[in-house]
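The next block holds one structure in the form of structure tokens; read it before the comments.
Indexing begins at 1, ligand by ligand and atom by atom, following the structure's order.
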Amino acid sequence: MGEKRTCTVLFEPSNASIEVAPGTLISAAASAAGVRINLPCGGQGRCGRCLVQVRAGHVARRASAKLPQELAQQGYALACQATIYEDAIVFVPAQEEMERVLVPVGGVSQKAAKAEQFLVPPEPEVQRCYVQLDPPSLEDNTADVDRLRRHLASQCGLAGVSLGLPVVQRLGRALREQGWRVTATVEQPREGGGLWLIDVAPGDAASRLYGVAIDIGTTSNVVTLVDLHTGKMLATASAYNAQISCGE
Ligand code: FES
């Protein structure tokens, strides 16, 4: 019997198949079969993100630090670094599933726990201040804006606060809703430019000051809710970044 001249590769879950010459890269076979495999590093074996699972048949894997031994033992291969030498069945995981393989369950919380070890006190550019205003009277009929500015200066040490029209429009209702007790959120840009009142809310909410940290990565986007008083991460959500199909 002569040497086998072509190999049949069946890709799952799409069930697309293709005949290729021995020595063909899995990524090239997939491309020829119309199966999309993301190659973020351009197929140079540097990112480890083109993971597929070989479920039948033999492939030759080039050694790569991006393919841990335990994943190789489970049949995983980097599509851009593995060549086909016999009929094979290759499973192409959805990107989200691949991320789970690469970042084991608990990986995100482990990372968060690690990050907490390096907690540094935050220095936010915004601060919240609870103010109790004297209500208007015949002797003191100052306008709401001036009344608040006066009390911000005397009670919080925030003199000369500016405010824009959206805050002015909410101010009257906020001041009266809880008997002239409000929480002011004031921004003080580090590069200067003075104090800006960016929000005013009825009642005492000064203990709650939150910020959002957004990490836009090539493969995933992560949003973290942070307590700006303590720097503690309160919640994290992440989603696959679909732009990866366009490259890194
Ligand atoms: S595309 Fe980056 S390792 Fe394969």
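The closest approach between a heavy atom of Arg46 and any atom of ligand 1 is below 4.0 Å.
Using a cut-off of 2.8 Å, one finds that Cys41 contributes an N/O/S atom close to atom 2 (Fe) of ligand 1. Metal site remark for atom 2 (Fe) of ligand 1: Cys47 contributes an N, O or S atom at a distance under 2.8 Å.
By the rule that hydrophobic residues join a cluster once side-chain heavy atoms approach within less than 4.5 Å of another member, Leu158 and Leu175 end up as members of one cluster.
Proximity to Gly43 (heavy-atom distance under 4.0 Å) selects the following atoms of ligand 1: 1 (S). Shown in contact with Gly45 at under 4.0 Å from a heavy atom are these atoms of ligand 1, numbered in order with element: 3 (S). If you number the atoms of ligand 1 from 1 as listed, the ones under 4.0 Å from a heavy atom of Gly48 come out as 2 (Fe), 3 (S). Atom numbering of ligand 1 starts at 1 in the shown order; those under 4.0 Å from a heavy atom of Leu39 are 1 (S).
Contact annotation: the side chain of Asp134 approaches that of His151 to within less than 4.5 Å [non-hydrogen atoms, C-beta and beyond]. For the pair Asp140/Arg150, a side-chain contact is recorded, criterion being any heavy-atom separation below 4.5 Å from C-beta on. Residues Cys129 and Val186 have side chains not in contact (no heavy-atom distance under 4.5 Å, counting atoms from C-beta outward). Here the side chains of Tyr130 and Ser207 are not in contact, with every heavy-atom distance at 4.5 Å or above.
When the shell of 6.0 Å around CG of Leu234 is examined, it contains more than 12 heavy atoms from other residues, nucleotides or ligands.
Geometry at atom 4 (Fe) of ligand 1: SG/Cys80 and SG/Cys50 form an angle of 100°, nearest 10 degrees.
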